[in-house]
S.K.: 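Here it is: the structure, laid out below.
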Amino acid sequence: MKKTFWLLDINNELHGDKSEVWMWGIDSEGKRVLIIDRSFQDYFYLVLKEGASSETVTKQITKTTFPMIVKSELVNKKYFGKTVKAIKLYCQNPDVMPKYSKAMRKLDGVNECLEDDLRYSMRYLIDNDIVPCGWHEADVQESMEKVKARTDVIYEAQTAPKRAKDAKQPRLRILGFSLVCYSDKGTAKPDKNPIVVISTATNTGEKKQLVAENENDKDIIASFAEFVRKFDPDLIVGFGTNSHDWSYLIARAKKHGISFFVDRTDTAPHTSVYGHVSLTGRANVDWYDYADELSEVKLKTLENIADYLEAFKREKRKFIDEAEIPLYWQDKQKRPGLLKFSEDNTASIMGISDAMLDFAVQLSALVGLPLDHVGTAAVGFRTEWYLTREAHKIDELVPKRQERPYIPYTGGMVTAPEPGMHENVAVLDFKSMYPNIMITYNISPDTYVPAEDPEPRGGVYVAPEVKHKFRKEPPGLYKTVLTHLIAARDEIRVELGKLSPKSPEYRALDARQKAVKVITNAAYGYTGWVGARWYVKPVAEAAAAWGRETIQQTIKQAQRLGLEVIYSDTDSVFVANEPAKIGKLSQEIGKTLGLEIKPDKVYTRILFTEAKKRYCGLLPNGDLDIVGLEVVRGDWAAVAKNLQERVLEILLKEKSPPKATDYVRKYIADVKSGKVPYGEFIIWKTLTKAPEEYSVKAPHVEAAKLLKKEGLDLTLGDKVGYVIVKGEGKLYTKAKPYMFATEKDVDTEYYVANQVVPAAARILAMFNVREEELYGTRMGKTSLSDFLPEEHE
DNA sequence: GCATGAAAAATACCC
DNA sequence: ACGGGTATTTTTCATGCG
């Protein structure tokens, strides 16, 4: 019988000494199904040395030396674009492949051993062109065997699944949860501190809050697991679950000697590739893993992300800091507040799911990593899996990952801006500059021609400056892949135009388009990543060199046309907004370079200082576009950022430096007289290593040490919020975690001199306002004396 | 011993 | 654990002074 299903999760199981593939999905009737495929044989390749005969090699592979090898065949493959002969060795048990490959690499006539390092389930997906979160069809038979799986039906596959026509995503059952762990002091530790609240919610409107009685969490953990099994979700969502919640739950369950099964095979959650926690048969999704996509959110807390995505009504929330939990838990009067907070957290998680799930699903389907893997996989790995799928289609062997030294290379070009205020400026952007350059010049690991190699038939493209060469023919892996991605995105955008933006179809397609964009844009960065399987430094270097040439030619051509160029960075130029000349420029560049450049936006007015990568533009709709300046940085206190934003607003909208100056003076007075809320003095900085490992004493590191002393855990990557308090000595001695200080401790002098004034002065310096003038308490330059040098006593 | 300025370390941004 | 280019702050180091 034929079965159509949407693939949710995949894993492999050992059945005797043979591996089999388990595919968890939802069929077209909405039934949860498990499809087992026992027919797939894993394999790897031995690449032969040039001129070596395959018999010499196969003779050395015997049943006694390598008993798990069941079959071998001689195949033609490509490796970095060169045709090679390889022996494809089928192996009964995938677990022995790395061991075998290590031994076989040394066999006579063998050059390399490849693709033994691709996981069995990924191998299966790639070879059969199966994508997670996509519809497939297979011939199946209902399984007669007793298999422990919590699904409606279990089938055995008679054929490998094939992709089926795209249809609407099935209705998924989603369960979200969050924990409150309790310790009377410091960060809660699973070996001694209980979980006191588990708040769950489902996308069918069920809600359940479990509260530990007498701080004993045994029952609520059991109830939680039971609730999960009863609801039987396809997706379990949370925030920080991969790094915290699951391991905490497991540790607590273990402590109580109870089982903790929430998956579909009654096995415990386990951490797997890229650090995701795997729940067999379901997809565990941690929305924290998607926080990187939201670069506007500087402090990636659940609250901030929910706010940003409008996933939860901000005004309904009363935020409770980790350090305040004991206060709320111990006080019976305040406890309901904590329970509400926990419920709100889960509601926020569900809201984030609504906003982000489409993207996660599309990313999973595009790169081919299961939904629970794709979020935790770093950008480089997502890109690599996409490339791996495409490489398979063109018979390119997948190189081994290897450690390499890091050697920097020259990247994009940035020109110094014309400082000051400019009226009516257009920003011209190259559309996907690096991807298009890679397509145009066929830049790819498999088209690279080392300097010493003879010139291939069909000729080569030679990169400017660096002189790296790339075969013109045939198209390389990157050209193939990028052409496809760019075309796909263009097609999606056409489709989007036909749909109503509120429809689910639009949302899914828009998410698809975003996923395609993410991978397209990551391709260039991938080429320069030393950890990449396909790392070839000249590839990255050449793309960058052609990029520099492109932007230089564009600037030259613009100037030739009489267009004033104000600034440029990598793939964009800022020019006087003269549409006729811009149209001409765009046309000429298209003709000479084969690349598309067009106006992206127009600023009514724009302000540059002398610095690159920092400016503020006024858009026609009245919005400020602030780039690079303190306002958009996460490591400046709000007290400085707010002021700078207001200063920019006055200057760009009202063009009044005196008014801005006055504003700053009043503001400084407000700061000094304590009219600024405490929260605006907090500075957040990331710990990029463990506090003890720093070679210098830095404020945020010292603050982190104080937190640790109080038992509050901080790990690499966490942000430390601190304030500078009054006192003598180096700055780092005056940094205190914001929870450990109060309004009256704040060293306002420091904030004025080192945050507020610099942020304002940076801008006002362009209008000849000196720093000292900002300190004056008088209201603006009203008399001649205001313009004279300051008098000293 | 100490002021001074350059160098190094650290962070977060832009594209 | 995707790239390089850039601005900025604070700490640390080197140097010269006397």
S.K.: Considering only heavy atoms of chain A and a distance under 4.0 Å, specify the first and last nucleotide of DNA chain C in 5' to 3' order that meet this criterion.
M.R.: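 It runs dA1(C) to dT12(C).
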S.K.: Suppose we screen for ring-ring contact (aromatic ring centres under 6.0 Å, His included). Which residues come up paired with Y290(A), at least two apart in sequence or across chains?
M.R.: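 Expected list: W287(A).
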S.K.: Using the ring-ring contact (aromatic ring centres under 6.0 Å, His included) criterion, which residues pair with F381(A)? Sequence neighbours excluded.
M.R.: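 By the ring-ring contact (aromatic ring centres under 6.0 Å, His included) rule, F381(A) matches Y274(A), W529(A).
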S.K.: Reading DNA chain C from 5' onward, which residue's closest nucleotide shows up sooner: A523(A) or T609(A)?
M.R.: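 It is A523(A) whose nearest nucleotide is closer to the 5' end.
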S.K.: Going by salt bridge (charged side-chain N to carboxylate O under 4.0 Å, His left out), name the pairs with one or both residues in residues 368-388 of chain A, residues two or more places apart or in two chains.
M.R.: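 Counting only pairs at least two positions apart or across chains, the salt bridge (charged side-chain N to carboxylate O under 4.0 Å, His left out) contacts touching residues 368-388 of chain A are E293(A)-R382(A), E384(A)-R401(A), E384(A)-R533(A).
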S.K.: Heavy atoms under 4.0 Å, any strand shown: does K719(A) hit a base, just sugar-phosphate, or nothing?
M.R.: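 Sugar-phosphate, backbone atoms only, no base.
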S.K.: Write out all pairs satisfying salt bridge (charged side-chain N to carboxylate O under 4.0 Å, His left out) with one or both partners inside residues 718-739 of chain A, taking only residues at least two apart or from two chains.
M.R.: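 Sorted pair list: K734(A)-D747(A).
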S.K.: Hey, does Y615(A) reach any base, or is it just sugar-phosphate, or nothing, if we go heavy atoms under 4.0 Å?
M.R.: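 Contact class for Y615(A): sugar-phosphate only.
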S.K.: What does V632(A) touch in the nucleic acid at a heavy-atom separation under 4.0 angstrom: a base, only the sugar-phosphate, or nothing?
M.R.: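 Answer is sugar-phosphate: V632(A) comes under 4.0 Å of backbone atoms only.
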S.K.: Between K612(A) and D569(A), is the closest basic N to carboxylate O distance under 4.0 Å?
M.R.: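 No, D569(A) and K612(A) are not salt-bridged.
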S.K.: Rounded to the nearest Å, what distance is computed from the CG atom of residue D625(A) to the P atom of nucleotide dC13(B)?
M.R.: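 After rounding, the reported distance stands at 15 Å.
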S.K.: Reckon K298(A) has a side-chain N or O less than 4.0 Å from the OP1 or OP2 of dC13(B)?
M.R.: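 Answer yes for this pair, as a side-chain N or O of K298(A) is under 4.0 Å from OP1 or OP2.
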S.K.: Name the nucleic acid region contacted by G634(A), choosing base, sugar-phosphate or nothing; use a 4.0 angstrom heavy-atom cut-off, strictly under.
M.R.: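 The residue G634(A) makes sugar-phosphate contact but no base contact.
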S.K.: Just checking S295(A): base, sugar-phosphate only, or nothing, at a heavy-atom cut-off of under 4.0 Å?
M.R.: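 The residue S295(A) makes no contact with any strand.
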S.K.: Output yes when E649(A) and R646(A) qualify as a salt bridge under the 4.0 Å nitrogen-oxygen rule, no when they do not.
M.R.: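 A salt bridge is present here (some side-chain N lies under 4.0 Å from a carboxylate O).
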S.K.: Does anything in residues 691-709 of chain A pair up under salt bridge (charged side-chain N to carboxylate O under 4.0 Å, His left out), and if so which pairs, sequence neighbours excluded?
M.R.: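 Only E692(A)-K708(A), E702(A)-K705(A) qualify under salt bridge (charged side-chain N to carboxylate O under 4.0 Å, His left out).
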S.K.: What is the distance, to the nearest angstrom, from the CG atom on L294(A) to the C1' atom on dA12(B)?
M.R.: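 Roughly 17 Å, once rounded to whole Å.
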S.K.: Mind checking if G380(A) touches a base, just sugar-phosphate, or nothing, with heavy atoms under 4.0 Å?
M.R.: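 Result for G380(A) = sugar-phosphate.
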S.K.: Which side-chain hydrogen bond (donor to acceptor under 3.5 Å, both in side chains) pairs, counting each pair once, include a residue from residues 545-554 of chain A, with sequence neighbours left out?
M.R.: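 For residues 545-554 of chain A: E465(A)-R548(A).
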S.K.: Just how far, in rounded Å, is P of dA12(B) from NZ of K641(A)?
M.R.: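 That distance rounds to 11 Å.
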S.K.: List the atom pairs, donor and acceptor, that lie under 3.5 Å between side-chain atoms in residues 748-758 of chain A and the rest of the protein, sequence neighbours left out.
M.R.:
residue : atom : partner : partner atom : Å
Y751(A) : OH   : F681(A) : O            : 2.6
Y751(A) : OH   : I724(A) : N            : 2.9
Q755(A) : OE1  : A637(A) : N            : 3.0

S.K.: Mind checking if Y409(A) touches a base, just sugar-phosphate, or nothing, with heavy atoms under 4.0 Å?
M.R.: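 Sugar-phosphate, backbone atoms only, no base.
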S.K.: Just jot down the ring-ring contact (aromatic ring centres under 6.0 Å, His included) partners of H373(A), sequence neighbours excluded, or say none.
M.R.: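 In terms of ring-ring contact (aromatic ring centres under 6.0 Å, His included), with neighbours along the sequence ignored, H373(A) is linked to H276(A).
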S.K.: Without decimals, in angstroms, what is the distance between Y732(A) OH and dT11(B) C1'?
M.R.: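 Answer to the nearest Å: 19 Å.
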S.K.: H392(A): what forms a ring-ring contact (aromatic ring centres under 6.0 Å, His included) with it, not counting sequence neighbours?
M.R.: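 None.
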S.K.: What's W636(A) touching, base or sugar-phosphate or nothing? Going by heavy atoms closer than 4.0 Å.
M.R.: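 Contact class for W636(A): sugar-phosphate only.
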S.K.: Need one value for R633(A): base, sugar-phosphate or nothing, where a base atom within 4.0 Å counts as base even if backbone is also close, heavy atoms only.
M.R.: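 Base contact.
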S.K.: May I ask you to say what Y406(A) touches in the nucleic acid, namely base, sugar-phosphate or nothing, with a heavy-atom cut-off under 4.0 Å?
M.R.: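 Touches sugar-phosphate only.
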S.K.: Between L387(A) and Y526(A), is there a side-chain heavy-atom distance shorter than 4.5 Å?
M.R.: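 Result yes, sub-4.5 Å side-chain heavy-atom pair found.
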S.K.: Within the structure shown, what part of the strands sits under 4.0 Å from A522(A) by heavy-atom distance: base, sugar-phosphate, or nothing?
M.R.: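 The answer is base, as A522(A) lies within the cut-off (heavy atoms under 4.0 Å) of a base atom.
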S.K.: Identify each atom pair where a protein N or O and an N or O of nucleotides 6-10 of chain B are less than 3.5 Å apart, giving names and distance.
M.R.:
residue : atom : partner : partner atom : Å
dA9(B)  : O3'  : S695(A) : OG           : 3.3
dA10(B) : OP1  : K689(A) : NZ           : 3.3
dA10(B) : OP1  : S695(A) : N            : 3.3
dA10(B) : OP1  : S695(A) : OG           : 3.1
dA10(B) : OP2  : K689(A) : NZ           : 3.2

S.K.: May I ask you to list the residues of residues 750-766 of chain A, by number, that have any heavy atom positioned under 4.0 Å from an atom of DNA chain C?
M.R.: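 Residues of residues 750-766 of chain A under 4.0 Å from DNA chain C: Y750(A), N754(A), P758(A), R762(A).
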